[in-house]
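Report on the following structure.
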There are 2 protein chains.
Amino acid sequence: MESADRIGRLGGSLTKAERRVAEVVLEQPQLVAFGTVAELAAAAGAGAATVVRLATKLGFDGFTELQSSVQHDLANQLRPAAQRIREPVGTDLVGRHLQLEQANVQTSLGSIDPAALADAVAHLADAAARVFVLAGDNSRGVAQQFVVDLGALRDDVFVLDGNEIAVRRQIALLRPTDVLVTLDFRRYERWLVGAAVDAARAGVWAVTVTDSLLSPLAAHAQRAFVVAAAGAGPFDSHIGTLAVFNVLVTGVADQLRAVATERLDRLEAVWQHALTDR
Amino acid sequence: MESADRIGRLGGSLTKAERRVAEVVLEQPQLVAFGTVAELAAAAGAGAATVVRLATKLGFDGFTELQSSVQHDLANQLRPAAQRIREPVGTDLVGRHLQLEQANVQTSLGSIDPAALADAVAHLADAAARVFVLAGDNSRGVAQQFVVDLGALRDDVFVLDGNEIAVRRQIALLRPTDVLVTLDFRRYERWLVGAAVDAARAGVWAVTVTDSLLSPLAAHAQRAFVVAAAGAGPFDSHIGTLAVFNVLVTGVADQLRAVATERLDRLEAVWQHALTDR
DNA sequence: TCGGAAACGGAACGCATGTTCCAAAGTGTA
DNA sequence: TACACTTTGGAACATGCGTTCCGTTTCCGA
């Protein structure tokens with residue numbers, strides 16, 4: 001996209017109002033392709049003159065030329081619509097991933113049991129429970145991502161980190177009211193199983209995200225979500241896992257929003273503040 | 001397509017010149033969406049008045065209304081999923097996420113520029129360079145996931161962690177041969193920008209994964225990947241980011257496999273060992 | 001061959017839109 | 001605080017466009 005390239009190139013030298021217009025150009029190309037200067041200006045909360053100034057700043061002769069560029073891009077984009085689907089199948093790096101990751105998301109979310117989801121969300125939204133996440137090295141990243149998001153919604157969300165000794169010591173201190181989230185894939189360390197067994201003995205309610213219902217962790221968990229983790233490269237893809245986590249986080253957010261919107265409002269305020277900063 | 005329907009319905013009662021115009025409308029919708037009455041008339045070998053007559057005959061108020069109809073159809077056809085998602089708000093939690101995350105993967109991977117990908121992979125596979133990943137709190141998880149995977153393929157992959165002071169101190173020690181990977185989303189901390197600027201001054205080659213080409217970090221990076229991060233809940237979804245990271249990791253793996261398969265073989269051996277353990 | 005009506009396109013009209021200019025508001029500096 | 005500069009949006013201007021009207025051409029039946 002020619003216009004997107006130019007915007008990205010000299011995005012830094014744009015003024016505030018010009019940037020607002022540029023964002024609309026990037027996010028709503030139809031508006032500039034089909035619309036008028038006045039409409040684009042209104043959508044960006046700017047004046048018509050600002051729109052024209054941005055166009056010239058981007059190297060176009062005026063809004064008309066910018067519009068032509070966007071129209072050209074859109075026309076090219078929709079022409080092969082049916083044709084382009086067939087061309088890049090599987091051969092290239094990106095196409096391979098595209099198919100694979102789509103399938104991962106599809107099967108991971110598609111196999112979610114509503115009852116299990118509701119149960120897991122209820123436990124994760126329980127303010128009386130502390131939430132601990134136990135993951136192996138290979139998926140510690142997505143685990144931490146889950147902890148960050150969930151931790152923004154509620155208190156007492158922790159990732160069990162460190163070496164085997166440290167983790168098992170933490171698990172020994174769990175209370176029966178606590179909730180444990182385990183991540184289990186084929187290539188994980190064996191001692192995680194032992195840690196999970198310890199937690200189960202302590203009466204901790206557990207949910208596991210695994211790539212197989214036959215995983216040992218699933219046997220010791222009250223609920224299990226099976227995700228697809230097929231990777232195009234040498235490693236597993238954790239996109240399915242992250243998708244499931246996102247569903248859980250949204251579910252908890254919905255549930256907690258009804259009970260206590262105050263915390264989310266505070267978060268929104270922070271975000272809005274950070275948003276306007278930029 | 002509304003216009004196509006109407007043309008087909010009363011196609012028999014069209015005059016010769018009107019039929020020529022109608023054919024152009026069907027075969028070159030862009031011409032009527034982006035063009036003018038005169039251009040459409042010229043393409044059909046007819047007069048401007050004939051174009052307007054056809055439009056009214058089809059039940060439209062005039063050419064303008066016909067044009068709006070075609071534009072609306074094209075716009076709907078353009079948005080593959082990303083924006084269409086927002087209109088029919090999914091009823092259930094899982095279905096909403098399924099649509100949304102599929103769209104995130106689709107647009108994130110679909111907008112990858114092959115040249116940028118090849119360039120980024122080449123830099124990330126460069127054994128002489130150290131790789132540093134700079135991310136805000138909200139996406140530290142996916143960043144760490146990337147570091148773990150890439151770190152299994154090559155040496156010297158680090159995440160820049162900790163508070164502002166610690167990070168900027170680390171950045172001050174970067175060498176011009178190093179590579180920096182930055183993650184930039186709307187809700188991020190401002191000091192990340194300052195850190196990225198410092199790195200740019202030091203001559204470090206940088207690639208950024210962002211949700212907008214207008215992000216300040218994109219301005220200071222040699223390459224940028226734009227991902228879709230729309231979330232169904234209160235937070236951004238990092239699935240698109242993770243998908244791009246997976247592509248990068250696979251690309252590096254392919255490249256390094258040709259040069260030195262030895263390290264990957266060792267990794268495979270470890271994995272096989274862990275596999276049989278279970 | 002003639003007459004009438006339908007079809008068609010060119011040209012003038014009026015309006016919407018892009019462009020340009022300028023004054024006001026904002027921002028940083030001495 | 002005052003000043004210079006940048007940024008911004010409103011209003012006038014001019015261009016291009018859609019619409020409409022009307023004269024010409026084509027077609028068909030008598």
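Small disclaimer: the values here were computed from a predicted structure and weren't measured. So that the names make sense, note that chain A is the first sequence line, chain B the second, and so on, each numbered from 1.
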Pi-cation contact, B/Phe63 with B/Arg53 (under 6.0 Å, within 45°): no

Short side-chain to backbone donor-acceptor contact, B/Asn104 and B/Ala230, under 3.5 Å: yes

Proximity to the side chain of B/Thr15 - top-ranked nucleotide from D/dG18, C/dC8, D/dT8: C/dC8

Under 4.0 angstrom between A/Arg20 side-chain N/O and D/dG9 OP1 or OP2: yes

Whole angstrom value for the distance that separates C1' of C/dG9 from CG of B/Leu40: 14 Å

Parallel, tilted or perpendicular: rings of B/Phe185 and B/His238 (30°, 60°): perpendicular

Check: B/Thr210 side chain, B/Ser215 main-chain N or O, donor-acceptor pair, under 3.5 Å: no

Nearest-Å distance for atom pair CD/C1', residues A/Gln67 and C/dG18: 10 Å

First encountered from the 5' end of DNA chain C, between A/Arg53 and A/Gly35: A/Gly35

Nearest-Å distance for atom pair CD/P, residues B/Glu18 and C/dC8: 6 Å

Between C1' of C/dC8 and CZ of B/Arg19, the distance in whole Å: 16 Å

Sugar-phosphate, base or nothing in reach of B/Ala46, heavy atoms under 4.0 Å: sugar-phosphate

Touch class at under 4.0 angstrom, heavy-atom based, for A/Ala17 against every strand present: sugar-phosphate

For atom CG of A/Leu54 and atom P of C/dG18, their distance in whole Å: 14 Å

Whole angstrom value for the distance that separates C1' of C/dT17 from CZ of B/Phe34: 18 Å

D/dT7 phosphate, OP1 or OP2, under 4.0 Å from A/Thr50 side-chain N/O: no

Between D/dT6 (P) and A/Leu14 (CG): distance, integer Å: 17 Å

Proximity to the side chain of B/Ala49 - top-ranked nucleotide from C/dT20, D/dT19, C/dG9: C/dG9

B/Asp178 side chain vs B/Arg175 backbone, donor-acceptor pair below 3.5 Å: yes

Which nucleotide in C/dC21, C/dC8, D/dT19 has an atom nearest any side-chain atom of B/Phe63: D/dT19

Separation of atom NZ in B/Lys16 from atom C1' in C/dC8, rounded to whole Å: 11 Å

A/Thr36 vs C/dT17: side-chain N/O to OP1/OP2 distance below 4.0 Å: no

